[in-house]
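Below is one structure, written out as structure tokens; the observations come after it.
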Number of protein chains: 2
Amino acid sequence: MNTPAQEVYRTAETALKTYIRTQGLRETRERYAILKEIYLNLEHFDAEQLYNQLLAQGIKVSRATVYNALQLFVEAGLVRRYLFGEGRMLYERSLGRQQHDHLICVDCGAIEEFCDPQMGLVTESVGRLFHMRPERHDLVIYAACEKPNCPNRKIP
Amino acid sequence: MNTPAQEVYRTAETALKTYIRTQGLRETRERYAILKEIYLNLEHFDAEQLYNQLLAQGIKVSRATVYNALQLFVEAGLVRRYLFGEGRMLYERSLGRQQHDHLICVDCGAIEEFCDPQMGLVTESVGRLFHMRPERHDLVIYAACEKPNCPNRKIP
DNA sequence: CTCAATGCAAATACTTTGCAGGTTA
DNA sequence: TAACCTGCAAAGTATTTGCATTGAG
């Protein structure tokens, strides 16, 4: 039986194979192991987390290979890379999900995703204002928790 | 005679003095020299640029002091700090200008500022969606130049 | 067999920190 | 004169690079 995540991973695997072939690169066990880890076990992660998780699974890879693979996956469109306010790159898989922006809880650091159609209007009108064609945007909203039973909420 | 920039700088100088006193800190020539450089001669800058510009003016300070002062100014609300996609911190003065977001030209790296009232609506509605109170946001739009005579524009 | 990929360690880039000596209140 | 600040250099972080070795095609 196949979970949705596994389906998506298989799509990513195929996409990677195609990308590797069209670019004249090589298929390695490391690249597939790293891709699988990303697609099956990680949500928002940095290079170090990915590296540690691979080691924890008994998959022996070096940091250099992890960074190398991440760059490859970004070029192949399989992974997106973000720089939030924390000074290190964060990654997330990009297949099987729509474009989105992020909201970060200032209390606990949790990262939520959202998709607001108004953002298209904003980038459009700003582009018009400067006579420029918007290509992409990065939006992060920092917000404090107001859920009554959230353990991370600051005292009202 | 006084330029608007000088007026704003004087305001910043006063604000720094007040902040330093209320916090029980000390006034040093370095802190005022750095503040002046920021308010009179810099737009968007990183720590190294600021450091070099101070040296070029014959003002002897160490990098450590530059970083120290920048942190102080951020705490005092005199300077804002951003992390764009380039992996290093950028700073800008915050007095004498309204809150704004940034647009970066993907052709030449130029940084423009804009203020779109729709952003308030976006953060508000996203906050409502997650039951969180938005505190701030970082938005950067990356766009390609379409000005007909822009030397940085990519071939049509 | 050839060239790309890996692993390791060293190098880089940016920022922070520890400490001795100078300076402010 | 007591604590803060500065300057220098060393230490951190996160990421990249050089090079010998391994391995895919």
Side-chain angles (χ1 to χ4, degrees), chain A residues 13 16-37 44-55 57-76 78-91 109, chain B residues 13 16-38 44-55 57-76 79-91 109:
Chain A
E13 208 174 32
L16 178 59
K17 177 169 289 188
T18 303
Y19 184 80
I20 282 178
R21 297 215 169 142
T22 59
Q23 300 291 312
L25 305 175
R26 286 171 189 180
E27 305 194 76
T28 65
R29 96 182 79 261
E30 288 84 358
R31 285 174 174 169
Y32 285 102
I34 296 172
L35 187 69
K36 179 179 258 174
E37 197 59 35
H44 298 274
F45 60 95
D46 61 27
E48 193 66 16
Q49 280 173 266
L50 173 54
Y51 173 68
N52 288 328
Q53 191 135 341
L54 286 161
L55 294 193
Q57 311 263 332
I59 299 164
K60 276 190 37 199
V61 281
S62 67
R63 278 191 185 76
T65 300
V66 170
Y67 279 103
N68 172 345
L70 282 170
Q71 185 175 321
L72 181 72
F73 297 166
V74 170
E75 284 161 12
L78 298 171
V79 163
R80 270 195 288 267
R81 175 175 143 144
Y82 293 100
L83 188 59
F84 294 154
E86 299 126 42
R88 68 190 196 289
M89 301 294 182
L90 289 188
Y91 301 85
Chain B
E13 208 173 32
L16 178 59
K17 176 169 292 187
T18 304
Y19 184 80
I20 282 177
R21 296 218 169 137
T22 60
Q23 299 292 313
L25 306 175
R26 285 173 190 179
E27 306 194 75
T28 65
R29 94 185 78 266
E30 289 83 357
R31 286 173 174 173
Y32 285 102
I34 296 172
L35 187 69
K36 179 179 258 175
E37 198 59 34
I38 292 172
H44 297 275
F45 60 95
D46 61 29
E48 193 68 14
Q49 279 174 266
L50 173 55
Y51 173 68
N52 288 329
Q53 190 135 340
L54 286 160
L55 294 193
Q57 311 262 332
I59 298 164
K60 276 189 38 201
V61 281
S62 68
R63 277 192 186 75
T65 301
V66 169
Y67 279 102
N68 172 343
L70 282 170
Q71 184 175 321
L72 181 71
F73 297 167
V74 170
E75 283 162 12
V79 163
R80 270 195 287 266
R81 173 176 146 145
Y82 293 101
L83 189 58
F84 294 153
E86 299 124 41
R88 67 190 196 290
M89 302 294 182
L90 289 188
Y91 301 84

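Note on naming: letters A, B, ... go to the chains in the order of the sequence lines (proteins, then strands), and numbering restarts at 1 for each one.
Comparing C/dT15, D/dG7, C/dG7 by their closest approach to the side chain of A/Glu30 singles out C/dG7. Considering only the side chain of B/Ser62, D/dG7 comes nearest among D/dG7, C/dC14, C/dC8. Of the candidate nucleotides C/dG7, D/dA3, D/dA14, D/dA3 has the atom nearest to the side chain of B/Arg26. Taking the side chain of A/Ala64 as heavy atoms from C-beta on, and the options C/dC14, D/dT16, C/dC8, the nearest nucleotide is C/dC8.
Whole-Å rounding puts the A/Ile59 CD1 to C/dT6 P distance at 14 Å. Regarding B/Tyr19, its OH atom lies at a distance of 14 Å from the P atom of D/dC4, rounded to whole Å. In this structure, the OH atom of B/Tyr32 is 18 Å from the P atom of C/dT23, given to the nearest Å. Counting to the nearest Å, the P atom of D/dT17 and the CG atom of A/Leu70 are 15 Å from each other. The interatomic distance linking A/Lys60 (NZ) with D/dT21 (C1') rounds to 13 Å, in whole Å. Protein atom CZ of B/Arg29 is 10 Å distant from nucleotide atom P of D/dG7, rounded to whole Å. Protein atom OH of B/Tyr67 is 15 Å distant from nucleotide atom P of D/dG7, rounded to whole Å. Atom CD in B/Gln49 sits about 11 Å away from atom P in C/dT15, given to the nearest Å.
Phosphate contact (OP1/OP2 of C/dA5, side-chain N/O of A/Thr28, threshold under 4.0 Å): absent. In terms of phosphate contacts, A/Thr65 brings no side-chain nitrogen or oxygen within less than 4.0 Å of OP1 or OP2 of C/dA5. For D/dC5, the OP1/OP2 oxygens have a side-chain nitrogen or oxygen of B/Arg31 closer than 4.0 Å. In this structure, B/Asn68 does not reach the C/dT16 phosphate: none of its side-chain N or O atoms is under 4.0 Å from OP1 or OP2.
Side-chain contact check for A/Tyr32 and A/Glu13: no donor-acceptor pair (N or O, by modelled atom type) lies under 3.5 Å.
Residue-level contact check: B/Glu27 touches the backbone only, with heavy atoms under 4.0 Å from sugar-phosphate atoms and none from bases.
A salt bridge links A/Arg63 with A/Glu48; the closest basic N to acidic carboxylate O contact falls under 4.0 Å.
A/Leu70 is not listed as a side-chain neighbour of A/Arg81, based on a closest heavy-atom distance of 4.5 Å or more.
Taking OG1 of A/Thr18 as the start and CZ of A/Arg21 as the end, the distance is 8.0 Å to the nearest 0.5 Å.
Pairing each heavy atom of B/Ile34 with each of B/Ala69, the nearest pair is CD1-CB, 3.7 Å.
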